[in-house]
Amino acid sequence: MIQITRKKLVEDWKNYGINHIEESIWSSSIQQKDLSRIREFLKVNHFLYVDISIVRPPDDSTERMKFKTHYHVDGQCFSTNYGISIPMNSNNLKLTVGLQSELKDQECQDKTLYIINSLRIIFGVPIARELMFTSLAATEKFSDVSISSELGYASKFDTQNLNFYEDIEYCQLRKLPVEALILLDKAFQQRFPNERFILMWVAFEAIINSIYPFDHNGNKRIKYFKEELKSNIVNDEVYRLFKLRCDVFKEGKFEKKELEEDNWSLYAAIQLTIMEDCPQRIAFLKGYENKILEKL
C-alpha cells in the first residue's frame with residue numbers, strides 16, 4: 001500500500017520541479033475524522049506538494065531501530081542498535097513532502113520541520129509527537145527507498161489535548177526562520193523541562209528577531225505584545241519569562257525546581273508569535289491572558 005501511494009505521488013509531482021521526496025512517520029493522537037481540517041490548514045498556508053495520512057501497523061512485526069552506546073573497560077565507545085516493536089494498530093501520522101532540493105546532514109528537511117512544528121504549535125504537540133521513521137530519496141528512487149528510524153524522548157507534553165477549536169485550521173502563519181524550527185523540534189523531544197526551556201526560549205528569540213530585525217531586543221517584545229497585540233498582561237508575562245531566561249543564560253541558575261509551567265507559558269507566547277493578524281490569534285491571545293490571570 002505504501003509503495004502504491006509513493007508511486008502515485010511521484011507521478012503527480014514529477015512535472016513540478018520536485019526532484020526529492022521525504023516521507024516521515026510520527027506517533028500521533030490525530031484521528032481520521034480530523035485529517036480534512038489538517039489538509040485545509042496546509043492549503044490555507046500554501047504548503048504545496050504535501051500528503052498526509054494515518055498509518056497503523058497491522059501486527060507487531062514492525063520495528064524501528066534504537067541506538068545505544070556503551071564504554072569498554074579501556075574507555076573505547078561502542079554504538080549498537082536494537083529493534084523496538086511498534087504496537088499493532090498504534091496511531092501514526094505520515095507526512096510526505098515534495099522538495100526541489102535536498103539538504104544534507106539533517107534529520108528532517110526544512111519543509112518537514114516547518115510543517116510538523118507548525119502543526120504542533122497550532123493543534124498541539126501530540127499531533128506529531130515522536131519521529132518513528134523517515135526516508136529521503138531522489139524522485140526516481142523514492143518508490144523503493146527503505147526507511148530509517150530515530151528514537152525521541154517522552155515528556156509531559158505527551159498528555160496535551162489537541163487544539164481543534166472552531167476554525168483553527170484557518171489561522172494564518174508567518175514565515176519562520178529555519179533556526180527556530182530546528183530548535184523547536186529539539187525542544188519538543190526533551191525529557192527534562194530545563195533543557196526544553198532553553199531550546200524554546202532561543203527559538204522564541206529567533207522568531208521575534210525575524211519580525212523586528214532592526215530593533216533592540218527589549219523593544220521587540222514591547223513592540224509585539226504591548227503595541228501590536230495590545231496586551232499588557234502578556235507583555236508582563238513574557239518579561240517575567242525573560243527574567244527567568246536571564247537567570248539561566250547569564251548566571252546558569254535554574255532557581256525553580258519545576259519549569260514545566262513556565263514552558264507551557266512560553267509555548268503559548270510562541271503560538272502568538274508564529275501567527276499573522278487573524279481571528280485565531282485573537283482567540284489564542286484571550287485564552288493566554290485568562291490563563292495568566294488565573295495564576296495571579
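Note that this is a predicted model, so its numbers are computed, not measured.
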ask   = Do Ile233 and Tyr288 have side chains that get closer than 4.5 Å, going by heavy atoms?
value = no

message = So, taking the atom named NZ in Lys175 and the one named OG in Ser210, what distance separates them when rounded to the nearest 0.5 Å?
response = 10.0 Å

remark   = From the list Arg196, Lys243, Arg240, salt bridge (Lys or Arg N to Asp or Glu O under 4.0 Å) partner of Asp262 resolves to Arg240

ask   = Is a donor on one side and an acceptor on the other found under 3.5 Å between the side chain of Arg129 and the backbone of Ser28?
value = no

remark   = For Thr62 and Phe133, the nearest pair of non-hydrogen atoms, with its separation, is CG2-CZ, 4.0 Å

key: ring-ring contact (aromatic ring centres under 6.0 Å, His included) against Tyr267, all qualifying residues, sequence neighbours excluded   = Phe157, Trp264

ask   = Does one hydrophobic cluster hold both Ile116 and Leu35, with members joined at side-chain heavy-atom distances below 4.5 Å?
value = yes

request  = For Thr273 and Tyr224, work out which heavy atoms get closest and say how close.
outcome  = CA-OH, 3.6 Å

ask   = So which heavy atom on Asn45 is nearest to which on Cys171, and how close?
value = ND2-O, 3.1 Å

inquiry  = Keeping Ser118 on the side-chain end and Tyr114 on the backbone end, is there a donor-acceptor pair under 3.5 Å?
reply    = yes

task = State whether Glu23 and Arg6 are salt-bridged, where the test is any N-O pair (Lys NZ or Arg NE/NH1/NH2 against Asp/Glu carboxylate O) under 4.0 Å.
result = yes

key: ring-ring contact (aromatic ring centres under 6.0 Å, His included) against Phe164, all qualifying residues, sequence neighbours excluded   = Phe123

request  = Walk me through it: do Asp277 and Arg281 pass the test salt bridge (Lys or Arg N to Asp or Glu O under 4.0 Å)?
outcome  = CA-CA 6 Å; Asp277 186 12; Arg281 189 177 72 174; 3.6 Å; yes

inquiry  = Please determine whether the number of non-hydrogen atoms from other residues, nucleotides or ligands lying under 6.0 Å from atom NZ of Lys230 exceeds 12.
reply    = no

query = In Å and rounded to the nearest 0.5 Å, what is the CG to CD1 distance from Leu272 to Ile282?
reply = 11.0 Å

task = Check for a donor-acceptor pair, side chain of Thr139 on one end and backbone N or O of Ile18 on the other, with a separation under 3.5 Å.
result = yes

inquiry  = Looking only at side-chain N and O atoms, does Glu260 offer a donor or acceptor that is under 3.5 Å from a partner on Asn263?
reply    = yes

message = Please find the pair of heavy atoms, one from Phe284 and one from Gln271, that lie closest to each other, and give the distance.
response = CE2-NE2, 3.2 Å

query = Where the side chain of Asp34 meets the backbone of Ile30, is there a donor-acceptor pair that is under 3.5 Å apart?
reply = no

inquiry  = When you measure from the side chain of Lys111 to the backbone of Gly98, do you find a donor-acceptor pair of N or O atoms at a distance under 3.5 Å?
reply    = yes

ask   = So, do Ile127 and Ile38 sit near enough that their side-chain heavy atoms are less than 4.5 Å apart?
value = yes

request  = Group every Ile, Leu, Val, Met, Phe, Trp and Tyr by side-chain heavy-atom contacts under 4.5 Å, then state whether Val44 and Tyr165 land in the same group.
outcome  = no

query = Where the side chain of Gln280 meets the backbone of Asp167, is there a donor-acceptor pair that is under 3.5 Å apart?
reply = yes

request  = Compute whether any side-chain donor of one residue and acceptor of the other, for Asn290 and Glu294, lie under 3.5 angstrom apart.
outcome  = no

task = Evaluate the side-chain proximity of Ile292 to Val234: yes if any heavy-atom separation is below 4.5 Å, no if none is.
result = yes

request  = Assess whether salt bridge (Lys or Arg N to Asp or Glu O under 4.0 Å) is satisfied between Glu237 and Lys295, documenting all intermediate values.
outcome  = CA-CA 11 Å; Glu237 173 67 4; Lys295 295 189 299 183; 3.5 Å; yes

task = Give the C-alpha distance, both sets of side-chain angles, the deciding distance and a yes or no for side chain to side chain donor-acceptor pair (under 3.5 Å) between Ser85 and Glu63.
result = CA-CA 4 Å; Ser85 177; Glu63 288 188 341; 5.8 Å; no

key: Ala137 to Phe142 - nearest heavy-atom pair and separation   = CB-CA, 4.0 Å

Less than 3.5 Å apart, which donor and acceptor atoms pair up between the side chains of residues 200-207 and the rest of the protein, not counting sequence neighbours?
unit_1: Trp201; atom_1: NE1; unit_2: Glu205; atom_2: OE2; d: 2.8
unit_1: Glu205; atom_1: OE2; unit_2: Arg245; atom_2: NE; d: 3.4

task = Find the distance between OG (Ser24) and CD (Gln109) and round it off to the nearest 0.5 Å.
result = 10.5 Å

inquiry  = Side chains of Glu289 and Ser231: any donor to acceptor distance under 3.5 Å?
reply    = yes

inquiry  = Under a 3.5 Å distance rule, please check whether Asn92 uses its side chain to pair with a backbone N or O of Ser90 as donor and acceptor.
reply    = yes

inquiry  = Would you compute the distance between atom CD1 of Ile86 and atom CE of Met88 and round it to the nearest 0.5 angstrom?
reply    = 13.5 Å

task = Establish whether Ile211 and Phe225 are linked, either directly or via other cluster members, by ILVMFWY side-chain heavy-atom contacts under 4.5 Å.
result = yes

request  = Quick one: do Leu259 and Leu244 satisfy side-chain contact (heavy atoms from CB on, under 4.5 Å)? Show the steps, please.
outcome  = CA-CA 10 Å; Leu259 272 176; Leu244 178 60; 3.5 Å; yes

query = Should the pair Lys226-Asp236 be classified as a salt bridge under the 4.0 Å nitrogen-to-oxygen rule?
reply = no

request  = Just do the side-chain contact (heavy atoms from CB on, under 4.5 Å) check on Val97 and Leu99 with the steps written out, would you?
outcome  = CA-CA 6 Å; Val97 299; Leu99 306 163; 4.1 Å; yes

request  = Measure from the side-chain N and O atoms of Asn19 to the backbone N and O of Gln100, and report whether any donor-acceptor pair falls under 3.5 Å.
outcome  = yes

For residues 47-59, tabulate all N or O donor-acceptor pairs below 3.5 Å that involve a side-chain atom, not counting sequence neighbours.
unit_1: Arg56; atom_1: NE; unit_2: Asn91; atom_2: OD1; d: 2.8
unit_1: Arg56; atom_1: NH2; unit_2: Asn91; atom_2: OD1; d: 2.9
unit_1: Asp59; atom_1: OD1; unit_2: Ser61; atom_2: N; d: 2.9
unit_1: Asp59; atom_1: OD1; unit_2: Ser61; atom_2: OG; d: 2.5

task = Could you tell me the separation between the SG atom of Cys108 and the CG atom of Asn117, rounded to the nearest 0.5 Å?
result = 9.5 Å

request  = Taking all heavy atoms of Ser265 and all of Leu241, pick out the closest pair and write down the distance.
outcome  = OG-CD1, 3.7 Å

Point-to-point distance, once rounded to the nearest 0.5 Å, from CG of Leu184 to CD1 of Ile121 = 5.5 Å

message = As a quick check of understanding, evaluate side-chain contact (heavy atoms from CB on, under 4.5 Å) for Thr134 and Glu22, giving each step before the final call.
response = CA-CA 7 Å; Thr134 184; Glu22 181 172 59; 3.8 Å; yes

remark   = Glu11 meets the salt bridge (charged side-chain N to carboxylate O under 4.0 Å, His left out) criterion, sequence neighbours left out, with Lys14

request  = State yes or no: do Val178 and Phe188 share one hydrophobic cluster built from I, L, V, M, F, W and Y residues joined by side-chain heavy-atom distances below 4.5 Å, directly or via other members?
outcome  = yes

request  = Apply side chain to side chain donor-acceptor pair (under 3.5 Å) to Tyr212 and Glu228, showing your working.
outcome  = CA-CA 12 Å; Tyr212 304 114; Glu228 181 170 337; 2.9 Å; yes

message = Does Glu166 have more than 12 heavy atoms from other residues, nucleotides or ligands lying within 6.0 Å of its CD?
response = no

message = I'd like to know if Glu130 pairs up with Arg64 as an ion pair, taking the criterion as any Lys NZ or Arg NE/NH1/NH2 lying under 4.0 Å from an Asp or Glu carboxylate oxygen.
response = yes

request  = Enumerate the residue pairs fulfilling salt bridge (Lys or Arg N to Asp or Glu O under 4.0 Å) with a member in residues 210-222, sequence neighbours excluded, ordered by first and then second residue.
outcome  = Asp215-Lys223

Hphob cluster co-occupancy, Leu162 + Ile168, side-chain heavy atoms under 4.5 angstrom = yes

key: More than 12 heavy atoms of other groups within 6.0 Å of Phe249 CZ   = yes

